[in-house]
Amino acid sequence: MKKRPPDLAVWLLLLVAAGSSPAQELSPPGIEFALPSRSSGTLAFFADICQFEGRAGTTALEIAYAVDLAQFSPHLSPRQPLVLALDLVLRSAQGEVLVTAQEKKSIALARQPEGGAFSFLDLKRYEVAPGPLTLQMALRDSASGREGSLRREFVVRDLGRGFSLSDLMLSAQLQKAQGKSVFEKGGLIVVPLPSRSFSPADSLSQLFVYFEINHLRYAPAETSFYSIQYAVDDAQGRRVFTNTRAHLPKAGANSSRIEKIPVAGLPPGRYRLSLQVTDLATQQACRAAVDFACTPGLEREAMVLTMTPEEVQKYFDQIKYVASEREREIYWQLSNEGKQNFLLEFWKAKDPTPGTPENEFMQEHFRRLAYCQAKFSGGLNSDMARIYIKYGSPMEVSREAFDAKINRPVEIWTYALDGRREFVFVDRTGDGHYVLVHSNHPGEYSNPNWMNDYAN
């Protein structure tokens, strides 16, 4: 089998991260799958929002977020726990800050036995008035400086007026509550799944869905019922599962339930769980839906990028002129799996149009890389490559060679960068390898008397 070029491998990885997987392409026209928000930046995390009825006419927002700890270096000492700083803000449509939270979480970097989950999960709950809101959320690793952030606009529903149904919260794990927990619901620990994504490698035979039913018509002296119908459809609209609870007795005006959704054997793709509750006393019905994904799993994703020492160096060379000094340091601290995740998040953060399949920045960057490899002596390690990759094609190029004043070939590149900026390159050894000897661009090497160094 022909080996996939590393450049293409990075591009394919980016397409998966941007949501342009084959599963999405199968989505029929008019149906848009909505999966949770994923952060941009060098620290990856997922965040999901579920809405439930709150107190005194408010709506309770449960914001669950999860951090895959495998993206951090395995060489960090377990005696020095990872410290994540959370910064969360909820704003109204008028820009008013309704909620602000800043806190630090100390996490022990120790894998659970027998291949258990290596992730951190937390949930924040706030009660707010119905209406449009904006969530801004950032996480920062205080040790390395890696940071991820996300922004999401949404509408808070009014669940307090009449018969209503909360959002559907997906969970991969249930257990009996042994004490106080932010995940406790009715005596059970309902562990949310903020990514709403699982893989066959997770060995899940079923997901759980938790939801709350509000304001059924209820009279203690009467016996009345409600029904639940739910179904799972794939991206092509084909029904893969359905179930009905025909006559469930009411225990009160409000009720909470957990249903089991079989997922064993589902092929990779995107799915929609649709659920309807009908109050049989009034024949009123309310509906809710949630989208989730079955992914190929880490084993298959790990094959997207091959990680030989030569290719690890090549990936670094591809980013070194557009990455910050701290990002370059972080790259070399990570495991091979961490490097792959780092590259995915790095390119995703550079995408100027994250809502589209294309990453225009990455396309232009790889064009510049290819040009530099073919054009300049020294390839990507040359001064000319560094300048070309950072600033693009020069507005003007002038060449001088072996005149009476200078006994070396010279190229002067001119850019319109906050004024007229020049970069002077000299072929010191006569082999076509040009070195930057002067520039009037701030932050670049400056030597206004460079001609004296090469005068006859």
Side-chain angles (χ1 to χ4, degrees), residues 27 31-38 46-54 59-66 121 123-128 130 133 135 152 154-160 162-174 182-186 188-198 202 204-216 226-235 237 239-245 248 254-263 266 269-279 284-295:
S27 301
I31 296 180
E32 180 180 354
F33 281 84
L35 290 178
S37 303
R38 179 170 181 164
F46 281 99
D48 200 14
I49 303 172
C50 284
Q51 302 186 31
F52 302 93
E53 184 182 14
T59 298
L61 302 180
E62 294 197 355
I63 304 172
Y65 64 97
L121 181 67
L123 184 146
K124 313 301 293 183
R125 182 182 174 97
Y126 306 103
E127 294 190 351
V128 298
L133 284 187
L135 167 67
R152 177 176 168 185
F154 62 102
V155 176
V156 179
R157 297 190 293 142
D158 187 351
L159 300 173
F163 183 36
S164 64
L165 188 60
S166 75
D167 287 347
L168 307 180
M169 174 184 283
L170 291 182
S171 171
Q173 180 183 352
L174 291 180
V182 294
F183 305 125
E184 191 271 335
K185 295 185 182 297
L188 290 175
I189 300 297
V190 182
V191 181
L193 190 64
S195 68
R196 286 196 251 132
S197 177
F198 69 95
D202 296 328
L204 292 176
S205 61
Q206 58 194 12
L207 289 174
F208 303 95
V209 57
Y210 172 85
F211 57 98
E212 297 178 359
I213 308 165
N214 310 306
H215 307 291
L216 293 159
Y226 66 95
S227 67
I228 297 175
Q229 294 176 299
Y230 54 95
V232 174
D233 298 317
D234 67 12
R239 187 137 296 178
V240 298
F241 173 77
T242 186
N243 197 7
T244 300
R245 309 287 192 193
L248 296 169
N254 298 328
S255 180
S256 61
R257 285 195 62 86
I258 295 174
E259 295 289 340
K260 301 176 181 178
I261 310 299
V263 294
L266 284 182
R270 297 192 176 190
Y271 297 88
R272 173 163 294 167
L273 167 64
S274 303
L275 188 145
Q276 175 177 298
V277 175
T278 303
D279 186 338
Q284 286 183 296
C286 48
R287 301 169 182 82
V290 63
D291 296 335
F292 63 95
C294 177
T295 65

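Keep in mind it's a predicted model, so treat the numbers as computed, not measured.
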Can you name the closest pair of heavy atoms from [X] and [Y] and give their distance?
| X | Y | value |
| --- | --- | --- |
| S256 | E212 | CB-CG, 4.0 Å |
| L159 | T59 | N-OG1, 4.2 Å |
| E184 | G186 | OE2-N, 3.2 Å |
| V190 | M169 | CG1-SD, 4.4 Å |
| E127 | G54 | OE2-CA, 4.0 Å |
| L121 | P194 | CD1-CG, 3.4 Å |

Hey, could you give me the [atom1]/[atom2] distance between [X] and [Y], rounded to the nearest 0.5 Å?
| X | Y | atom1 | atom2 | result |
| --- | --- | --- | --- | --- |
| I189 | S171 | CD1 | OG | 10.0 Å |
| Y210 | F52 | OH | CZ | 6.0 Å |
| H215 | F163 | NE2 | CZ | 10.5 Å |
| L193 | L207 | CG | CG | 6.5 Å |
| L273 | L168 | CG | CG | 5.5 Å |
| F241 | L266 | CZ | CG | 10.5 Å |

* Does the side chain to side chain donor-acceptor pair (under 3.5 Å) test come out yes or no for Q276 and T278, once each step is laid out? -> CA-CA 7 Å; Q276 175 177 298; T278 303; 3.2 Å; yes

* Asked: Should Q51 and V128 be marked as a side-chain contact (heavy atoms from CB on, under 4.5 Å) after you check the CA-CA gap, both sets of side-chain angles, and the distance that decides it?
  -> CA-CA 10 Å; Q51 302 186 31; V128 298; over 6 Å; no

Is a side-chain donor or acceptor of [X] paired with a backbone partner of [Y] at a separation under 3.5 angstrom?
| X | Y | value |
| --- | --- | --- |
| S166 | F211 | no |
| R196 | D291 | yes |
| R152 | D48 | no |

* To do: Indicate yes or no: at least one non-hydrogen side-chain atom of K260 is less than 4.5 angstrom from one of N243.
  =>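 No; the side chains remain at least 4.5 Å from each other.
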
* Answer yes or no: is there a side-chain heavy-atom contact under 4.5 Å between L61 and L133? =>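 Yes, their side chains come closer than 4.5 Å.
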
* How far apart are the C-alpha atoms of S197 and F292, what are their side-chain angles, what is the distance that settles it, and do they pass the side-chain contact (heavy atoms from CB on, under 4.5 Å) test? -> CA-CA 6 Å; S197 177; F292 63 95; over 6 Å; no

* Asked: Does a donor on one side chain and an acceptor on the other come within less than 3.5 Å for Y226 and D279?
  ->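 No, no side-chain donor-acceptor pair sits under 3.5 Å.
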
* Pair D234-Y271, side-chain contact (heavy atoms from CB on, under 4.5 Å): steps then yes or no -> CA-CA 5 Å; D234 67 12; Y271 297 88; 3.6 Å; yes

* **Residue of the set L216, V277, I213, N214 for which side-chain contact (heavy atoms from CB on, under 4.5 Å) holds with S164** =>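 With S164 as partner, L216, V277, I213, N214 yield a single side-chain contact (heavy atoms from CB on, under 4.5 Å), made by N214.
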
* Which is it for I228 and L275 under the side-chain contact (heavy atoms from CB on, under 4.5 Å) test, yes or no, and what are the steps along the way? -> CA-CA 7 Å; I228 297 175; L275 188 145; 4.1 Å; yes

